[in-house]
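For the numbers below, each heavy atom of this structure counts, side chains included, while hydrogens, waters and symmetry mates do not. Each residue takes its place number in the sequence, starting with 1.
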Amino acid sequence: MKLILVGYEGHMGREVREAAARSGDAEIAQGIDPLAPSDSAACVRNFADCGAAADVIVDFSHHSLTAPLLAFARERKLPLVLATTGQTEEEKALIREAAKEIPLFLAANYSLGIAVLRDLVRRALALYPDAEVEIVEEHHDRKMDAPSGTALALFDTVREVRPEARKVAGRSGMGRREKEDVGIHAIRMGNTVGMHAVIIGTQTESLTLRHQAWSRGVFADGSLKAARFLMGKAPGLYDMKDLLEA
């Protein structure tokens with residue numbers, strides 16, 4: 001499986017390169033990264049300069065590249081694993097449009113454990129229809145977006161079971177909690193790779209479902225699983241739930 005890796009020079013780009021090297025079946029055909037020090041055979045700075053033959057594109061760059069990345073994938077008719085978060089509503093619309101022409105895998109988090117966590121949240125909320133719900137997430141101090149894309153995806157999972165759920169980013173001021181409120185609390189400090197917890201509580205007990213990522217390699221491994229999954233798929237928008245059910 002040959003990959004074009006967008007975001008080649010970044011932290012996650014390096015993780016994907018290492019994951020591909022140890023996988024035994026994946027190879028980085030070429031990288032694309034506007035922040036590369038110079039063009040080389042391994043990595044170019046512009047989409048137009050990438051001429052490598054590949055099976056799948058894997059993106060760990062920045063959401064500001066969404067439009068040119070999608071145009072490149074559509075022009076090359078290549079499946080795309082989109083592992084960047086923080087897209088604007090306009091960029092999300094472009095993603096949905098591109099998925100009509102190419103197979104596109106989109107997930108806020110490429111950890112298999114997060115996919116399992118979301119499944120457990122669905123099951124637990126079905127058993128606790130009247131419970132209150134809070135989401136807590138923790139990341140390193142360099143992460144720009146808050147709440148994290150994964151925390152927002154967990155909120156979307158809550159809404160699958162409770163359409164009336166209302167997102168509350170943190171808490172401040174005066175006022176009692178409403179039943180439909182789902183508080184999302186973001187912590188930024190140190191070098192934390194990623195922690196997400198969903199707390200489900202009643203007046204008599206609480207249940208905490210928690211996932212901790214110890215290494216960024218877990219996201220790189222997950223992106224390669226997604227790339228393998230996309231090969232041979234019809235155009236459409238896929239996610240980790242599809243991967244779990246495959």
Side-chain angles (χ1 to χ4, degrees), residues 7 10-20 22-23 58-60 62-63 81-86 105-128 131-161 165 167-171 181-202 205-229 239-245:
H11 288 295
M12 282 308 306
R14 290 191 286 274
E15 292 285 354
V16 174
R17 284 148 60 187
E18 292 176 7
R22 65 176 177 262
S23 71
V58 174
D59 170 59
F60 273 103
H62 189 269
H63 74 87
V81 175
L82 192 57
T84 301
T85 61
F105 200 107
L106 177 64
N109 189 303
Y110 278 80
S111 160
L112 189 62
I114 287 292
V116 174
L117 174 61
R118 295 183 70 178
D119 184 57
L120 292 173
V121 169
R122 292 185 195 96
R123 294 168 184 249
L125 288 180
L127 295 172
Y128 288 90
E132 296 167 334
V133 183
E134 297 282 309
I135 297 169
V136 181
E137 57 102 339
E138 181 177 349
H139 286 85
H140 52 81
D141 57 14
R142 301 175 304 282
K143 185 170 177 60
M144 300 294 288
D145 55 320
S148 69
T150 302
L152 295 174
L154 287 167
F155 172 73
D156 289 340
T157 302
V158 173
R159 289 197 69 187
E160 290 177 26
V161 184
K167 178 175 60 182
V168 178
R171 297 199 179 277
D181 288 353
V182 176
I184 304 180
H185 311 274
I187 300 169
R188 297 289 177 269
M189 62 169 55
N191 199 36
T192 303
V193 173
M195 186 285 295
H196 294 86
V198 179
I199 306 168
I200 300 168
T202 70
E205 63 178 337
S206 69
L207 170 68
T208 299
L209 301 172
R210 183 178 185 272
H211 176 268
Q212 178 78 55
W214 299 118
S215 164
R216 292 176 180 84
V218 69
F219 310 126
D221 290 339
S223 72
L224 295 185
K225 289 185 177 73
R228 295 184 191 97
F229 171 86
D239 60 19
M240 293 298 285
K241 187 176 180 181
D242 297 305
L243 182 60
L244 280 181
E245 295 174 351

With respect to N191, which candidate in H139, H140, R142 satisfies the side chain to side chain donor-acceptor pair (under 3.5 Å) definition? R142

Considering all heavy atoms, the nearest S111-M240 contact: O-CE, 3.8 Å

Any heavy-atom pair between the side chains of H196 and V198 that's under 4.5 Å? no

At what distance, to the nearest 0.5 angstrom, does OG1 of T157 lie from CG of L117? 8.0 Å

Taking every heavy atom of A226 against every heavy atom of L243, the minimum-distance pair comes out as N-CD2, 4.5 Å

Roughly how far, to the nearest 0.5 Å, is the CG atom of D119 from the CD1 atom of I114? 12.5 Å

What's the verdict on side-chain contact (heavy atoms from CB on, under 4.5 Å) for L152 and I184, showing C-alpha distance, side-chain angles and the deciding distance? CA-CA 8 Å; L152 295 174; I184 304 180; 4.2 Å; yes

Around R122, counting heavy atoms of other residues, nucleotides and ligands shown, do more than 12 lie under 6.0 Å from its CZ? yes

Looking at side-chain heavy atoms only, is the closest gap between H11 and E15 below 4.5 Å? no

Below 4.5 Å, heavy atoms only, C-beta onward: do K225 and F105 meet side chain to side chain? no

Does NZ belonging to K167 count more than 12 external heavy atoms closer than 6.0 Å? no

So which atom in L209 and which in A124 form the shortest heavy-atom distance, rounded to 0.1 Å? CD1-CB, 4.3 Å

Grab the two heavy atoms, one from K143 and one from S148, that are nearest each other, plus how far apart they are. CE-CB, 3.6 Å

Heavy atoms of A20 and L224 approach each other most closely as N-CD1, 3.7 Å

In the structure I gave you, are the side-chain heavy atoms of M195 and V136 within less than 4.5 Å of one another anywhere? yes

Side chain of D239, backbone of D242: donor and acceptor closer than 3.5 Å? yes

Any side-chain heavy-atom pair from R123 and L127 closer than 4.5 angstrom? no

Heavy-atom side-chain contact between V58 and M12 under 4.5 Å: no

Is any NZ, NE, NH1 or NH2 atom of the basic residue among R171 and E134 found under 4.0 Å from an Asp or Glu carboxylate oxygen of the other? yes

Closest non-hydrogen atom pair between I135 and A151, with its separation: CD1-O, 4.0 Å

Would you be so kind as to tabulate the donor-acceptor pairs closer than 3.5 Å made by side chains of residues 212-220, with sequence neighbours excluded?
unit_1	atom_1	unit_2	atom_2	d
Q212	OE1	R210	NH2	3.0
Q212	NE2	G194	O	3.3
S215	OG	G217	N	3.0

Under the rule for side chain to side chain donor-acceptor pair (under 3.5 Å), what residues qualify as partners of T150, not counting sequence neighbours? N109

OG1 (T84) and CG (L106) are apart, to the nearest 0.5 Å, by 9.5 Å

Heavy atoms, side chains only, cut-off 4.5 Å: are R118 and K241 in contact? no

Side chains of R188 and E137 in contact at under 4.5 Å (non-hydrogen atoms): yes

